[in-house]
Amino acid sequence: MQLNRNATRIFTRSLVQSRPFPRSSHDRCLVLKRSLSSQPQGPETNSNVPPAVVNLKQSKWRSFLQILGRTTLIGLVAGVGSFYYITQRERHPGSQLPFDDTKKTLVVLGSGWGATSLLKALDTTEYNVVVISPKNYFLFTPLLPSVAVGTLNPRSIIQSIRYITRHKTRGVSVIEAEAQAVDPVGRTVSFSDNSPIKGETSTRTIPYDYLVISVGAEVQTFGIPGVQEHACFMKELADAEQASLMQKQFMDCIESAAFPGQSKEEVERLLHMVVVGGGPTGIELSGELHDFLEDDLKSWYPELASKIKITLVEALPSVLPMFSKQLIDYTESTFKESKIDIMTKTMVKEVKDKSVVLQMPDKSMKELPCGMVVWAGGNKGRQVTKDLMARLPADQTNRRGIIVDDYLRMKGTDGIYAIGDCSATSYAPTAQVAAQQGAYLARMLVQMAKKDSLENKLETLETEQTKVADDEERKRIADEVNVARGQMAKIKLRPFHYSHQGSLAYIGSEKAIADLPFMNGNIASGGMATYLFWRSAYLSTLFSLRNRTLVATDWLKVRLFGRDVARD
């Protein structure tokens, strides 16, 4: 027994010496973990992963979530703060320099693409600028078809022209009036207030040193009977209200077709929409009408939706002549799937109250019953442009618009420039051309102001040089003259050159087409991805953060709630 007890003590002592009891709490925790890991694992416990590794993975995941949350919060606060700062900066412009009698007067007629681009890029410290326009806003015309069917609110695509002029260094005078006459000899412009409410003075005549004509164009009806009286227009650059009026007329046709007791023939007539013009405006409007039908009218007018018919009429052999053949075929196949009829080589001869008379490709005449006709083809000059051209019959011989030289100067005049649809150039009358012309003219006017300033300086120095007797002073003035002449030699006015940035068009069913220049060729694309590019391109082209926010909000509202079918 004594031997057994001694053996037990020796064995116990050896165990204690080999595994000493932990002295710190950390050591005791390690021992506890080892003992727990040595115990049998339950059916839901992974015996191959130590608890320390599990805790480490949980710690990393928790840290990642914390960093992600903080980053998201900081980004959200920074984004909201930046948005608020920009909106307040746009709403509250600072003080401006007053008019300077020593500066030349620049008068700009119009507030379209050309005039707005000019004002945006112009350094107003060099001129006293006066803007005369019958509308005190800029209209983003590429999105006008979206307004016609209620996708966008009309207020979302217009921006007050004072938004641009109030953020310029020198104050710009904006006059809401219509130019009546231009005197190229006396260098004056006469204008009048044509608004419903007039003051005691509603007609004025002011002088100018430089005049920029950017009044756009009116709808060209080609003298076809009934177009002016019975058709809706989508080409008028200054009229955003026409689009909302078209939406009301469209809904009026649908509600009249739903009236009890209408005959089958009358219902078909009321629900037949004819779009005249196969350019981008006519194509986009047809696509928007199709979307309105598919996305909204089928839900609220199920008994009529299948009877609505859209017909596109084009006098040329194909639609969208500015696009590649591949995209034209893609558009025509998409319209065929959407059940939109395309009638090419077909001319409109008369528009009646309840029908449109067409000349078919075989020269036969056909009367097409319809509820509404939308006219989206052709431009013609405004009256003020025609009157000015009539003063210069020897130089202005093009009926399409004002003839200009390579520097956009009106031929036969001194100090008059014409940009946009009112001018007759080799370029297509598009918003892209007008915008580039306006930006170019702004740069050229700044160069001209610098040149005028150097000429005045040279004249003053040369006068002083003749009066000074001191040789050193004469030498100093001579050096300044040489410097001024060198600066003048560096100022070279270059002719306008148009750089095509591509063509975009929406064709309905959330599809768009794009013809974009790349290297020495073009990239032609179409489909839903191009549609997303179309939307992002137009959003970025809008002039202000206000417009971008309103347009994006309208698109979101239509996606969530659909278009409004109520008619006021």
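In this chain, numbering begins with 1 at the start of the sequence shown.
- A side-chain donor-acceptor contact under 3.5 Å links Trp113 and Thr141.
- Checking Asn153 against Ser156 by side-chain atom types alone, no donor-acceptor pair falls below 3.5 Å.
- At most 12 non-hydrogen atoms from other residues, nucleotides or ligands lie less than 6.0 angstrom from CZ of Arg155.
- Atom CH2 in Trp375 sits 15.0 Å away from atom CE in Met246 (nearest 0.5 Å).
- Not a single donor-acceptor pair under 3.5 Å links the side chain of Asp341 to the backbone N or O of Ile310.
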Checklist entry - Could you walk me through whether Arg269 and Glu265 pass the salt bridge (Lys or Arg N to Asp or Glu O under 4.0 Å) check? => result CA-CA 6 Å; Arg269 182 192 71 81; Glu265 292 76 14; over 6 Å; no
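- Between the side chain of Ser423 and the main chain of Gly420, a donor-acceptor pair closer than 3.5 Å is present.
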Exercise. Please walk me through it: do Asp329 and Lys325 pass salt bridge (Lys or Arg N to Asp or Glu O under 4.0 Å)?
Worked result: CA-CA 6 Å; Asp329 294 340; Lys325 182 66 167 57; 2.9 Å; yes
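- Here the shortest heavy-atom pairing between Ser509 and His290 reads OG-CE1, 3.1 Å.
- In this structure a side-chain-to-backbone donor-acceptor pair under 3.5 Å is missing from Ser364 to Met360.
- Around the CG atom of Asn520, the shell of radius 6.0 Å holds no more than 12 heavy atoms that belong to other residues, nucleotides or ligands.
- To the nearest 0.5 Å, atom CG of residue Leu542 and atom CG of residue Leu143 are 6.0 Å apart.
- Gln432 has its side chain within reach of His500: a pair of non-hydrogen atoms, C-beta onward, lies under 4.5 Å apart.
- Residues Arg559 and Glu510 are paired through a salt bridge, judged by an N-O separation under 4.0 Å between the basic side chain and the carboxylate.
- Shown here for Thr151 and Asp554, the closest heavy-atom pair between the two residues is O-CB, 3.8 Å.
- For Asp252 and Lys248, the salt-bridge test fails: no basic side-chain N is under 4.0 Å from an acidic carboxylate O.
- The shortest distance between side-chain heavy atoms of Glu314 and Ile342 does not fall below 4.5 Å.
- The distance between the ring centers of Phe138 and Phe543 falls below 6.0 angstrom.
- A donor-acceptor contact shorter than 3.5 Å links the side chain of Lys168 to the backbone of Lys120.
- Exactly one of Lys198, Gln180, Arg204 qualifies for a side chain to side chain donor-acceptor pair (under 3.5 Å) with Ser192. That residue is Gln180.
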Working for side-chain hydrogen bond (donor to acceptor under 3.5 Å, both in side chains), residues Ser355 and Glu367: CA-CA 6 Å; Ser355 63; Glu367 186 168 349; 2.7 Å; yes
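- For the atom pair CD1 of Ile86 and CG of Leu545, the computed distance is 6.0 Å after rounding to the nearest 0.5 Å.
- Distance alone, capped at 3.5 Å, is enough to place a donor-acceptor pair between the Thr116 side chain and the Gly112 backbone.
- Rounding to the nearest 0.5 Å places CG of Leu289 at 4.5 Å from CG of Leu285.
- Between Val182 and Leu109 there is a side-chain heavy-atom pair separated by less than 4.5 Å.
- The minimum heavy-atom distance between Ser286 and Ile340, with the atom names listed, is O-CD1, 3.7 Å.
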Check your understanding: Do Phe140 and Asn547 pass the side-chain contact (heavy atoms from CB on, under 4.5 Å) test, and can you show the C-alpha distance, the side-chain angles, and the key distance before you say yes or no?
Key -> CA-CA 10 Å; Phe140 193 82; Asn547 288 134; over 6 Å; no
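- The shortest non-hydrogen separation linking Gly150 to Val558 is O-CG2, 4.2 Å.
- Side-chain contact between Phe292 and Leu297 is present, with at least one heavy-atom pair separated by less than 4.5 Å.
- Thr87 places a side-chain N or O within 3.5 Å of a backbone atom of Tyr84 that can act as its donor or acceptor partner.
- Considering Ile132, Val129, Ile161 in turn, Ile161 is the only one that fulfils the side chain to side chain contact (heavy atoms under 4.5 Å, CB included) rule with Val174.
- One finds no salt bridge joining Lys336 and Glu332 here, because no Lys/Arg side-chain nitrogen approaches an Asp/Glu carboxylate oxygen to under 4.0 Å.
- Residues Glu176 and Tyr137 bring no donor and acceptor atom of their side chains to less than 3.5 Å of each other.
- Minimum interatomic distance between Ala512 and Trp534 (heavy atoms only, all atoms of both residues): CB-CB, 3.9 Å.
- Looking only at side-chain heavy atoms (C-beta outward), Lys511 and Glu337 come within less than 4.5 Å of each other.
- Counting only distance, with no hydrogens or angles, the side chain of Ser256 and the backbone of Cys253 share no donor-acceptor pair below 3.5 Å.
- Between Phe496 and Tyr427, the two ring planes are perpendicular [angle over 60°; tilted spans 30° to 60°].
- No donor-acceptor pair under 3.5 Å is formed between the side chain of Ser117 and the backbone N or O of Gly438.
- Within the 4.5 Å cutoff, no side-chain heavy atoms of Thr281 are placed close to those of Leu144.
- A donor-acceptor pair under 3.5 Å is absent between the side-chain atoms of Asp296 and the main chain of Gly562, judged by distance alone.
- Residues Met410 and Gln396 form a side-chain contact, since some pair of their non-hydrogen atoms from C-beta on lies under 4.5 Å apart.
- For the 3.5 Å distance criterion, the side chains of Tyr506 and Asp291 qualify, holding a donor opposite an acceptor.
- Taken from CG in Leu368 to NE2 in His272, the straight-line distance is 4.5 Å, to the nearest 0.5 Å.
- Asn398 places no side-chain N or O within 3.5 Å of a backbone atom of Ala424 that could act as its donor or acceptor partner.
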- Query: Passes side-chain contact (heavy atoms from CB on, under 4.5 Å), Leu270 versus Glu266? Steps please.
  - Reply: CA-CA 6 Å; Leu270 288 168; Glu266 183 65 6; 4.0 Å; yes
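- Proximity of Met273 to Val374: side-chain heavy atoms (C-beta onward) are nowhere separated by under 4.5 Å.
- No more than 12 heavy-atom neighbours from other residues, nucleotides or ligands sit within 6.0 angstrom of NZ on Lys354.
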How far apart are the C-alpha atoms of Arg563 and Glu288, what are their side-chain angles, what is the distance that settles it, and do they pass the side-chain contact (heavy atoms from CB on, under 4.5 Å) test?
-> CA-CA 11 Å; Arg563 298 168 183 82; Glu288 292 282 359; 4.2 Å; yes
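- For Val313 against Thr346, the heavy-atom pair with the smallest separation is CG1-O, 3.5 Å.
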Practice task
Evaluate side-chain contact (heavy atoms from CB on, under 4.5 Å) for Gln436 paired with Gln501, printing each intermediate quantity in order.
Solution key: CA-CA 10 Å; Gln436 291 190 26; Gln501 302 299 316; 4.0 Å; yes
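- We find the CE-OH distance between Met251 and Tyr301 to be 3.5 Å, quoted to the nearest 0.5 Å.
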